[in-house]
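If you're wondering where the values come from, they're calculated on a predicted model, not measured in any experiment.
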Amino acid sequence: MADGDSVVTISEYSSAIRRWWMVIAIATVVGLVLGALLLSVRSNQYQAQSKVEVRPLVSSGDDPNLDVSRQVNPETEQAIANSQRVAERALALLAVAGELNPSDPLAVDLDDPDVEARAASAIVDGVEARRIAEEQIDVTVPLDSQILIFTATAADPARAQQLAQTMAHAYLDFRQDEGLSATHVARQQLVDREAVLIEELDQLAAEIGAAGDNQIRVQALSYREISKREELAGIGAKLANIDSISVDPGEVLNDAGLPDAASGVPGIAGPVSGALLGLVSGRGLAFLLDRRDDRVRS
């Protein structure tokens, strides 16, 4: 090849391959090994999905003055569903179900009040729950919907199914407890105010009796009494409204199925892709080395 000649002929390219065939072979083998190591790891992961319909937390007896009344915010619900607290509930549900039916935990009714009560008192590893929420659970929301899709990834297909299913139920349990807690707080505030009003009315009645013939004072106290009785009647109506509230967190639409095949790229694709990449890289490296060799060959 003459100095300054930038045109590469086929004979030069093939001769470079012949001279540096060892470099190409080594690069191909390295690529094959790396591809087998990297992509085979992905091919051993299994995925299971569970689908949940999210509903407005208060579905009946709704009073716009109550804090518990709100519409579904998909982004907020997605963040809640993928939180450590929900993962902790899921692990607790799975632990209780495993105690009741070790061979098939998902055969246990996860909506059973006794199961939920036992899970609520179970102690779980918060660090493990955080890891699962961050690494093994992915919650997505289809566009313009109130649907949450829980996707669990694990090396064991049964584990992936269990995580997807229990996360869906744990999210609904968490949401229902949130609604019940809010209605309880609202009701307790009204009950406390009702007790105060009854006490004040008793005190006003005593003051009216003590006023005797003082008509001006009796009239002033009577106005106060009427105002408090009207407020008491309003509290009674609000309490009746709260008692009619039905907390409806949503429903599991699709139970998680047992995955029958690993997700991601097939295992054979790892070595093949790695070998091809190594072959191409090796040929490029061989040609580069050959071009840098300025020895006279002919």
Rounding to 0.5 Å, atoms OG1 (Thr166) and CZ (Phe150) come to a distance of 10.0 Å
Apply side-chain contact (heavy atoms from CB on, under 4.5 Å) to Ala117 and list each qualifying residue two or more places apart in sequence or on a separate chain. none
Would you list the pairs meeting side chain to side chain donor-acceptor pair (under 3.5 Å) in which at least one residue belongs to residues 118-128, sequence neighbours left out? Glu99-Arg118, Glu128-Arg131
Among all residues two or more places apart in sequence or in another chain, which pass the side chain to side chain donor-acceptor pair (under 3.5 Å) test with Gln162? none
Has Ser227 got a side-chain atom pairing as donor or acceptor with Tyr223's backbone, closer than 3.5 angstrom? no
Given 3.5 Å as the limit, does a donor-acceptor pair link the side chain of Gln78 with the main chain of Val139, or not? yes
Under a single-linkage rule joining Ile, Leu, Val, Met, Phe, Trp and Tyr whose side-chain heavy atoms are separated by less than 4.5 Å, which residues share a cluster with Leu253? Ile147, Ile149
Do any N or O atoms from the side chain of Arg175 and from the backbone of Arg55 form a donor-acceptor pair under 3.5 angstrom? yes
Taking all atoms of both residues into account, what is the closest heavy-atom pair of Ala48 and Ala164, and its distance? O-CB, 3.5 Å
I'd like to know if the side chain of Asn82 reaches the main chain of Asp138, judged simply by a donor and an acceptor atom lying under 3.5 Å from each other, with no hydrogens or angles considered. no
Side-chain hydrophobic cluster, 4.5 Å single linkage: members besides Val115: Leu93, Val96, Leu100, Val108
Can you check whether Ala256's main-chain N or O pairs, donor with acceptor, with Gln161's side chain at less than 3.5 Å? yes
So, do Gln189 and Val185 sit near enough that their side-chain heavy atoms are less than 4.5 Å apart? yes
Residues in side-chain contact (heavy atoms from CB on, under 4.5 Å) with Arg193, at least two apart? Val196, Leu197, Glu200, Glu231, Ile235
Would you compute the distance between atom OG1 of Thr153 and atom CZ of Arg159 and round it to the nearest 0.5 angstrom? 12.5 Å
State the OG1-CD distance between Thr151 and Gln136, to the nearest 0.5 angstrom. 12.5 Å
CD (Gln146) and CG (Leu148) are apart, to the nearest 0.5 Å, by 9.5 Å
Under the salt bridge (charged side-chain N to carboxylate O under 4.0 Å, His left out) test, residues paired with Asp177 that sit two or more places apart: Arg89
Glu134: which residues meet the salt bridge (charged side-chain N to carboxylate O under 4.0 Å, His left out) condition with it, sequence neighbours left out? none
Salt bridge (charged side-chain N to carboxylate O under 4.0 Å, His left out) involving Glu207 - partner list, sequence neighbours excluded: Arg217
Go through the structure and list residues passing salt bridge (charged side-chain N to carboxylate O under 4.0 Å, His left out) with Arg224, not counting sequence neighbours. none
Using a distance-only test with no angle check, is there a side-chain donor-acceptor pair under 3.5 angstrom linking Glu88 and Gln84? yes
Would you give the length of the straight line joining atom CD of Gln49 to atom CD of Gln47, rounded to the nearest 0.5 angstrom? 7.0 Å
Nearest heavy-atom neighbours spanning Val218 and Ala211: CG2-CB, 3.5 Å
Run the side chain to side chain donor-acceptor pair (under 3.5 Å) test against Asp192 and tell me which residues pass, sequence neighbours left out. Gln188
With Asp255 via side chain to side chain donor-acceptor pair (under 3.5 Å) - residues at least two apart: Gln165
As an exercise, state the distance from CE of Met167 to CG of Leu91, rounded to the nearest 0.5 Å. 8.5 Å
Shortest non-hydrogen contact from Ala92 toward Ala122: CB-CB, 4.0 Å
